[in-house]
There are 2 protein chains.
Amino acid sequence: MRTHTKSSIRGAQPASVSLDLVICAPAGRQLSVLLVPSAEGSREKWTLPWGWSVAGVQPDDGALKIATTALGAKPSWITQVVATGDEKRHPAGASISVGYVAVTAARERALGEGAVWFPSQHLPAMAPRHVALVAAAAEALRVRLDTAPIAFRLLPPTFTLSELQEVYELLLGRSVHKASFRRSLQAVWLVEPTDEWRSEGRGRPAQLFRYAPRKRRGNRRGVRFDLLD
Amino acid sequence: MRTHTKSSIRGAQPASVSLDLVICAPAGRQLSVLLVPSAEGSREKWTLPWGWSVAGVQPDDGALKIATTALGAKPSWITQVVATGDEKRHPAGASISVGYVAVTAARERALGEGAVWFPSQHLPAMAPRHVALVAAAAEALRVRLDTAPIAFRLLPPTFTLSELQEVYELLLGRSVHKASFRRSLQAVWLVEPTDEWRSEGRGRPAQLFRYAPRKRRGNRRGVRFDLLD
DNA sequence: GAAATAGTGTCTCTTAGACACTATTTC
DNA sequence: GAAATAGTGTCTAAGAGACACTATTTC
């Protein structure tokens, strides 16, 4: 039978597997993405944080570690997006790449060595596989926005409802009706008010809220037909 | 250093990557899953159709080929579900497995060698990684049901609206209101009637419809908060 | 006619969005 | 007071589900 290293399995062709991360944070009305300098001799100057998948370490754990190194702190949410092995070039030539998207509230962290935030709409040249992954990551955030607390993980522990709405608008790529947004939010008991208010200089101060989900289900949406194909 | 295959990339640890497929078809009120006999000496008798990822072949293409071999025909829809490398055992010990879910309408195909349909609720013992993948696949179908024509790919080219509704109920795991279902369906112009009717023996014959999407967008759903976490 | 299945009309309740308004701050 | 932002009340239209009904078949 086989020996104990996983790569010696009969019939298996060894592959180089990379873990590649799209780490996002809100920056005003834009989403920013964390990039790191490419290795010496690379075609592009910048790259998404990435690393090789290591035997004995689960890809999800490896990805979390890479994210934590690049960010200087654990991201507040992370999920797998896709595994690709297409002709699009990976910066180090990985045959297969597992892509992740991570989010964090803080842009003012002690970032890892050389890491820099770039606005997602104006990213520098990157390897094609990373360009595709950024698009897939944005789509993944959008799709899961209503079933995972992504927006809340992009904000600090307390936030105003206007800030929350801005995050939704950022990720959805469209504006949202204010009164309707707040009614929906109230109906599902996801946030609770604190006794603090924040004044941004102009206008009435906004009350701060915190994420405190209280309701479990009761939700049941009707059948929707939103087919694109 | 190592030799010239893709696994020779500096710093990369070679991994064995499997492609594993959950191929589904409707069987009455149940969903069935296609299994194949395990290789000699395996702990379990049955396994999901799978194969090694081969250098130079994109995983998605490789998965399609494996599905086609097992099924005896191309599946009508396929998508990636997840990449796992956790402690759960793969039948051949793959270090990393990329899981796919595929659907087809036909159970009466010329199936590949030894392949057998099993009801998804009563699967035989399988390797833990495959058990987990079946659950993830079912969830993926459910989540994408409203944005991809999955239900239509699980049916033959013409079908009755009751059949379509049954597929939705099967995948959603709940019953659906008949009149409301049909109204919604009509509103989005996804099907068109044929001039054929089918009599199932008892009761009024049902008109046959075909999938013929005509509407492009106009859809815009409001912000939903369906958080589970 | 009874049973079974297909298909529809009407009512109610929920909700998304429009609109307009009030409230509280800085200047 | 003007400008700016926060927050709310009301109306309308769409849609989901309940209910009850009609339609067409086999037995």
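Chain identifiers are assigned alphabetically (A, B, ...) following the order of the sequence lines, protein sequences preceding nucleic acid strands; residue numbering begins at 1 within each chain. Below, each value reflects all heavy atoms present in this structure, side chains not excepted, and no hydrogens, waters or symmetry copies.
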Quick check on DNA chain D: between A:Ala179 and B:Ser180, whose nearest nucleotide comes earlier from the 5' end? A:Ala179
Between B:Glu196 and B:Arg210, does at least one N-O distance fall below 4.0 Å, as a salt bridge requires? no
State plainly whether the residues B:Lys178 and B:Glu169 are in salt-bridge range, i.e. N to O under 4.0 Å. no
Centre-to-centre under 6.0 Å for A:Phe152 and A:Phe209, is that the case here? no
Using the benzene-type ring in the case of Trp, are the ring centres of A:Trp46 and A:His130 under 6.0 Å apart? no
Taking atom [atom2] of [N] as reference, at what distance in whole Å does atom [atom1] of [X] sit?
{"X": "B:Glu166", "N": "C:dT5", "atom1": "CD", "atom2": "C1'", "value": "11 Å"}
{"X": "B:Glu163", "N": "C:dG7", "atom1": "CD", "atom2": "C1'", "value": "15 Å"}
{"X": "B:Asp146", "N": "D:dG15", "atom1": "CG", "atom2": "P", "value": "15 Å"}
{"X": "A:His177", "N": "D:dA13", "atom1": "NE2", "atom2": "P", "value": "15 Å"}
{"X": "A:Trp197", "N": "D:dA6", "atom1": "CH2", "atom2": "P", "value": "15 Å"}
{"X": "B:Arg198", "N": "D:dT26", "atom1": "CZ", "atom2": "C1'", "value": "17 Å"}
{"X": "B:Leu185", "N": "D:dG17", "atom1": "CG", "atom2": "P", "value": "14 Å"}
{"X": "B:Arg224", "N": "D:dG15", "atom1": "CZ", "atom2": "P", "value": "14 Å"}

So what does [X] touch, heavy atoms closer than 4.0 Å: a base, only the sugar-phosphate, or nothing?
{"X": "A:Ala206", "answer": "sugar-phosphate"}
{"X": "B:Ser184", "answer": "sugar-phosphate"}
{"X": "B:Glu200", "answer": "nothing"}

Under a 3.5 Å cut-off for both contacts, is C:dT24 paired Watson-Crick or G-U wobble with anything, and if yes, with which nucleotide? D:dA4
Tell me which nucleotide, if any, is Watson-Crick or G-U wobble paired with C:dC19 when both distances must be under 3.5 Å. D:dG9
Return yes if the base of D:dA4 and the side-chain atoms of A:Arg202 contain a donor-acceptor N/O pair under 3.5 Å, otherwise no. no
Should the side chain of A:Arg183 and the base of D:dG9 be counted as holding a donor-acceptor pair, with the cut-off at 3.5 Å? no
Please check if any side-chain donor atom of B:Ser18 sits under 3.5 Å from a side-chain acceptor atom of B:Asp20, or the reverse. yes
Between A:Ser199 and A:Arg174, who's closer to the 5' end of DNA chain C by nearest nucleotide? A:Arg174
If each of A:Pro205 and B:Arg204 is mapped to the nucleotide of DNA chain C with the nearest heavy atom, which maps nearer the 5' terminus, i.e. the 5' end? B:Arg204
From D:dC19, D:dG17, C:dG7, pick the nucleotide closest to the side chain of B:Gln207? C:dG7
Compare side-chain N and O positions of A:Arg182 against OP1 and OP2 of D:dG7 and report whether any pair is under 4.0 Å apart. yes
